[in-house]
Amino acid sequence: MKIFDVHSHWGTRRGYPLRTEAELAQQKRVWNSEPRYQSEEEMTDYFRAQGVRVILDLGFTKYLPLDEVRAHHDYALEMQARHADVIFGLWLQIHPSNADAGVRELERCMRSCKGFVGYMVVGAGLGHPCDDPIYAPYYDVSEAAQRPVMVLVGYNGGGAGLPGGGGMILDHCHPRFVDALAARRPNLTIIAGRPAWPWQDEMIAVLLHKPNVWYELHGWSPKYFTDALKREIPRRLKSRVMFGADYPLFTYERLTAEWRALGYDDAVLEQVMQGNAARLFGLAKAA
């Protein structure tokens with residue numbers, strides 16, 4: 001079965017999501033995998049071998065000066081252009097405190113990329129929940145360009161176990177902020193990212209109530225999804241849930257096996273793995 005991965009990271013040394021020794025030490029404890037870098041060719045060949053098209057996230061860039069951010073973006077744009085068959089696009093995390101300069105950088109990347117570019121909000125990492133007015137210029141650009149934005153919800157593995165949780169406030173990723181944003185901006189397409197534990201029922205309610213909110217499930221082993229989420233995936237959420245891997249923290253081999261172990265039929269799995277994303281992004285489904 002072909003896979004459209006709505007959210008993963010870079011497996012290369014330059015783009016690896018965990019940067020410090022403390023963060024790298026978390027990988028085994030939080031995601032039960034070991035840090036290992038791949039070359040650009042190894043990474044893209046792995047995507048091809050697994051039948052994957054992916055949107056990649058350079059999450060750490062939100063903490064960098066904008067000049068350094070541009071250099072990382074240029075790296076990502078060049079890689080996407082060379083490997084457009086497997087790298088569908090890029091999620092960009094630009095700290096909203098960069099104001100107009102950050103918005104101009106988002107617009108530059110949208111113009112320059114041969115694929116998709118979308119803005120991504122991690123309230124716990126940025127210090128502002130997603131409905132904060134500080135993000136309004138980025139949402140304006142996204143809405144005008146008819147590009148979805150991604151908003152992470154639920155528990156944040158980044159910072160887990162570090163002193164003070166790395167300064168992150170988990171409540172900034174509560175689904176109520178997605179609900180408020182979706183209500184105020186009905187023409188903005190929002191992808192809520194990650195299982196929303198410990199607020200999974202609240203997230204399901206938002207998805208049922210707000211048709212401009214979609215859902216992707218990166219960052220968790222499917223066997224740990226809540227019973228309510230497992231029950232709704234083939235029922236009321238069957239046209240709204242999309243696959244996300246969080247590669248390289250998870251492998252596709254592991255995740256596809258664990259999704260199959262949930263017992264869904266092939267029609268449900270096809271919708272999760274690629275069908276719903278194909279509709280959202282206006283793509284033909286892969287054979």
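Scope of the values below: all heavy atoms of this structure, side chains included, with no hydrogens, waters or symmetry mates. Keep in mind the model is a prediction, meaning the values are calculated, not measured.
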So do [Y] and [X] actually touch side chain to side chain, heavy atoms under 4.5 Å?
{"X": "Ser142", "Y": "Leu188", "result": "yes"}
{"X": "Trp199", "Y": "Val153", "result": "no"}
{"X": "Arg254", "Y": "Ser221", "result": "yes"}
{"X": "Thr44", "Y": "Glu40", "result": "no"}
{"X": "Pro195", "Y": "Tyr155", "result": "no"}
{"X": "Ile190", "Y": "Lys210", "result": "no"}
{"X": "Leu58", "Y": "Leu90", "result": "no"}
{"X": "Trp220", "Y": "Trp197", "result": "yes"}

Mind checking whether [X] and [Y] sit in one hydrophobic cluster, side chains of I, L, V, M, F, W, Y counted as touching below 4.5 Å?
{"X": "Leu126", "Y": "Met168", "result": "no"}
{"X": "Tyr264", "Y": "Phe243", "result": "yes"}
{"X": "Leu181", "Y": "Tyr135", "result": "yes"}
{"X": "Leu170", "Y": "Phe177", "result": "no"}

Without hydrogens or angle criteria, can the side chains of Asp57 and His7 be said to hold a donor-acceptor pair below 3.5 Å? yes
Are side-chain N/O atoms of Tyr247 and Gln38 paired as donor and acceptor at under 3.5 Å? yes
Straight-line distance of [X] [atom1] to [Y] [atom2], nearest 0.5 Å:
{"X": "Met242", "Y": "Arg240", "atom1": "CE", "atom2": "CZ", "result": "9.5 Å"}
{"X": "Ile169", "Y": "His128", "atom1": "CD1", "atom2": "NE2", "result": "10.0 Å"}
{"X": "Ile233", "Y": "Gln271", "atom1": "CD1", "atom2": "CD", "result": "13.0 Å"}
{"X": "Ile191", "Y": "Leu152", "atom1": "CD1", "atom2": "CG", "result": "11.0 Å"}
{"X": "His174", "Y": "Cys130", "atom1": "NE2", "atom2": "SG", "result": "11.5 Å"}
{"X": "Gln50", "Y": "Ile3", "atom1": "CD", "atom2": "CD1", "result": "7.0 Å"}

State whether the side chain of [X] and the backbone N or O of [Y] hold a donor-acceptor pair below 3.5 Å, judged by distance alone.
{"X": "Tyr139", "Y": "Asp131", "answer": "no"}
{"X": "Arg185", "Y": "Glu143", "answer": "no"}
{"X": "Gln80", "Y": "Ile87", "answer": "yes"}
{"X": "Arg236", "Y": "Leu208", "answer": "no"}
{"X": "Tyr252", "Y": "Ala49", "answer": "no"}
{"X": "Thr61", "Y": "Gln93", "answer": "yes"}
{"X": "Asp246", "Y": "His218", "answer": "no"}
{"X": "Asn276", "Y": "Val241", "answer": "yes"}
{"X": "Tyr215", "Y": "Arg194", "answer": "yes"}

Between [X] and [Y], ring centroids under 6.0 Å:
{"X": "His83", "Y": "Phe47", "answer": "no"}
{"X": "Trp91", "Y": "Phe116", "answer": "yes"}
{"X": "Trp259", "Y": "Phe225", "answer": "yes"}

Please verify the inter-ring angle class for Tyr75 with Trp10; under 30° counts as parallel, over 60° as perpendicular, anything in between as tilted. tilted
Provide the closest heavy-atom pair for [X] versus [Y] in the form atom of the first, atom of the second, distance.
{"X": "Arg14", "Y": "Phe60", "answer": "O-CZ, 3.7 Å"}
{"X": "Pro248", "Y": "Gly11", "answer": "CG-CA, 4.0 Å"}
{"X": "His95", "Y": "Tyr138", "answer": "O-OH, 3.6 Å"}
{"X": "Cys113", "Y": "Leu77", "answer": "CB-CD2, 3.4 Å"}
{"X": "Ile55", "Y": "Val6", "answer": "CB-O, 3.6 Å"}
{"X": "Met203", "Y": "Ala192", "answer": "CE-CB, 3.7 Å"}

Mark yes when over 12 heavy atoms from residues, nucleotides or ligands other than Lys114 sit less than 6.0 Å from its NZ; otherwise mark no. no
Residue Gln146 excluded, over 12 heavy atoms near CD under 6.0 Å: no
From CA spacing to verdict: salt bridge (charged side-chain N to carboxylate O under 4.0 Å, His left out), Arg176, Asp179: CA-CA 5 Å; Arg176 68 172 171 270; Asp179 186 45; over 6 Å; no
Test side chain to side chain contact (heavy atoms under 4.5 Å, CB included) on Leu283 and Arg53 and set out the steps. CA-CA 11 Å; Leu283 301 171; Arg53 292 189 81 190; 4.2 Å; yes
Could you walk me through whether Val206 and Glu202 pass the side chain to side chain contact (heavy atoms under 4.5 Å, CB included) check? CA-CA 6 Å; Val206 173; Glu202 289 93 327; 5.7 Å; no
Would you sort out whether Arg108 and Glu105 count as a salt bridge (charged side-chain N to carboxylate O under 4.0 Å, His left out), showing the intermediate values? CA-CA 5 Å; Arg108 179 186 77 90; Glu105 174 61 10; 2.8 Å; yes
For Lys238 and Val268, what are the C-alpha separation, side-chain angles and deciding distance, and is it a side chain to side chain contact (heavy atoms under 4.5 Å, CB included)? CA-CA 7 Å; Lys238 63 183 178 181; Val268 169; 5.7 Å; no
Step by step, would you call Arg260 with Asp266 a side chain to side chain contact (heavy atoms under 4.5 Å, CB included)? CA-CA 9 Å; Arg260 288 194 177 278; Asp266 285 347; 3.4 Å; yes
